[in-house]
Amino acid sequence: MRKIVLILMSLLIIYSLLAVNPPRPEVKDMSEDAMDEMETGQMNIYFYNALNGQPIAKAQVTFEDIGTFITDNEGKVSFEPTEDNYFQKLVFKSPDYITSEFEVEVMAGTLFFNRFSISPVMAINQFRVILDWSKKPRDLDANFRKEGSYTISYRGMKTLHDGSGRLDRDDRDGYGPETITIDKIETNAIYEYFVEDYDNRQDRESKALSKSKAHVKVYGNGRLLNTFEIPKKVRGNQWQVFRIENGQVIPESSVN
């Protein structure tokens, strides 16, 4: 009987881990993409579901200066850049996802970052924050804190007691996404969102976080509200991304 109980407990632990960190397909290293780009002259960009990390197929991606493409089963589109060292605006559209418009940076003949996680359609009152980054550091931790109340993170509370907020997905092997959803933002409350470099948590002088190519997308009111990129060439293992006061997102974006 005791053996059966231990087996059931183990299965429950495995299930809880998968619920926050569902398996995803193998992610192609950006260095491999760079080699492909040198050989073919085309650049690859990938799109993933922010809740489970799975590729988004058959989505429409329109580049402002190039044209419109459809993602394949890897969530990928390939395109030829019009020039080097510039920002290219794109619009992502898919029936089950929130239309998202942002910029990608082309530099030194390749994409600075080429993986973007997109929010599925959600309720108008919901608020969602998505963190993507590169291969290293392997473990960045997203934190969403309500002043005087709670912190949602992998090491904190993964799901609020009333179910009104949750860590949808945790990632500990690079790239992301790491996603947090809040069902409603209270206008009389103060919130903050920050990212910690767990791998280098003991080293405040580390530049690994700054080199992570981390970027954050904020969704609310049924649309993409803000995008943030990690400051470059600075030391520190914590990125203060933004705070919310009176229901408004206020950028901070400092590393310390």
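Here, residue 1 is the first one in the sequence, and each next residue gets the next number.
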Report task. Fit a plane to each ring of H215 and F116, take the angle between them on a 0 to 90° scale, and name the class: parallel (under 30°), tilted (30 to 60°) or perpendicular (over 60°). Result ->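 Geometry flag for F116 against H215: tilted rings.
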Query - Parallel, tilted or perpendicular: rings of F127 and F242 (30°, 60°) - result: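 Because their plane-to-plane angle is over 60°, the rings of F242 and F127 count as perpendicular.
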Does [Y] offer a backbone N or O that forms a donor-acceptor pair with the side chain of [X] under 3.5 Å?
| X | Y | answer |
| --- | --- | --- |
| S212 | K136 | no |
| D203 | E205 | yes |
| Q238 | V195 | no |
| D197 | R201 | no |
| K158 | Y154 | yes |
| S210 | P231 | yes |
| T62 | T68 | no |
| Q88 | E64 | yes |
| K213 | F112 | yes |
| S206 | N200 | no |

[X] versus [Y], closest heavy-atom pair with distance:
| X | Y | answer |
| --- | --- | --- |
| I130 | S117 | CG2-CB, 3.7 Å |
| I118 | K217 | CD1-CE, 4.3 Å |
| T151 | N143 | CG2-OD1, 4.1 Å |
| K58 | I70 | CA-CG2, 3.6 Å |
| R138 | W133 | O-CZ2, 3.5 Å |
| V249 | P251 | O-CD, 3.7 Å |

Query raised in the report: For atom CG of N246, is the number of surrounding heavy atoms from other residues, nucleotides or ligands below 6.0 Å larger than 12?
Result: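 Open.
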Query raised in the report: Taking everything shown except N188 itself, do over 12 heavy atoms lie less than 6.0 Å from its CG?
Result: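 Yes - once you tally the heavy atoms of other residues, nucleotides and ligands closer than 6.0 Å, there are more than 12.
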Contact between [X] and [Y] at the side-chain level, heavy atoms closer than 4.5 Å - yes or no?
| X | Y | answer |
| --- | --- | --- |
| L140 | L209 | yes |
| V77 | F92 | no |
| R145 | F194 | yes |
| I45 | V104 | yes |

Hydrophobic cluster identity match, [X] and [Y], side-chain contacts under 4.5 Å:
| X | Y | answer |
| --- | --- | --- |
| Y86 | F102 | yes |
| V121 | I182 | no |
| L225 | I250 | no |

Report task. Could you walk me through whether Y48 and Y46 pass side-chain contact (heavy atoms from CB on, under 4.5 Å), step by step? Result -> CA-CA 7 Å; Y48 299 98; Y46 300 81; 3.6 Å; yes
**Report entry** Any pair counted as salt bridge (charged side-chain N to carboxylate O under 4.0 Å, His left out), so long as it reaches residues 242-256, sequence neighbours left out
**Finding:**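 Only R243-E245, R243-E252 qualify under salt bridge (charged side-chain N to carboxylate O under 4.0 Å, His left out).
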Query raised in the report: Which residue pairs pass the salt bridge (charged side-chain N to carboxylate O under 4.0 Å, His left out) test when at least one of the two sits in residues 176-191, sequence neighbours left out?
Result: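 The answer is K146-E186, R166-D183.
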Query - Salt-bridge present (R169, D171; N to O < 4.0 Å) - result: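 Here R169 pairs with D171 in a salt bridge, since their nearest N and O are under 4.0 Å apart.
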Requested in this report: Could you tell me whether K89 and E103 make a salt bridge, using a distance below 4.0 angstrom between a side-chain N and a carboxylate O?
Outcome: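 Result for this pair is no, no salt bridge flagged.
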Requested in this report: Take E101 and R223 through the test salt bridge (Lys or Arg N to Asp or Glu O under 4.0 Å) and record every step on the way to the result.
Outcome: CA-CA 10 Å; E101 179 178 318; R223 61 189 178 89; over 6 Å; no
Under 3.5 Å side-chain donor-acceptor pair for [X] and [Y]:
| X | Y | result |
| --- | --- | --- |
| N49 | Y97 | yes |
| D141 | S153 | no |
| S253 | W239 | yes |

Query raised in the report: Say you draw a straight line from CE of M122 to CG of L51; how long is it, rounded to the nearest 0.5 Å?
Result: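 Going from CE on M122 over to CG on L51, the span is 9.5 Å.
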Query raised in the report: Can you tell me how far the CG atom of N44 sits from the CG atom of N114, to the nearest 0.5 Å?
Result: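 Taking CG in N44 and CG in N114, the distance rounds to 7.0 Å.
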Query raised in the report: Could you walk me through whether N256 and R235 pass the side-chain contact (heavy atoms from CB on, under 4.5 Å) check?
Result: CA-CA 7 Å; N256 51 65; R235 300 178 189 275; over 6 Å; no
Query - Test side-chain hydrogen bond (donor to acceptor under 3.5 Å, both in side chains) applied to S94 and D96, step by step - result: CA-CA 6 Å; S94 184; D96 298 324; 5.7 Å; no
Requested in this report: Take V91 and T99 through the test side-chain contact (heavy atoms from CB on, under 4.5 Å) and record every step on the way to the result.
Outcome: CA-CA 7 Å; V91 179; T99 296; 3.9 Å; yes
Query - Intermediate values then yes/no, ring pair (Phe, Tyr, Trp, His ring centres under 6.0 Å), F69 and F63 - result: CA-CA 8 Å; F69 303 83; F63 295 89; 5.7 Å; yes
Report task. Dump the intermediate steps for side-chain hydrogen bond (donor to acceptor under 3.5 Å, both in side chains) on Y219 and T181, then the final yes or no. Result -> CA-CA 9 Å; Y219 288 88; T181 302; over 6 Å; no
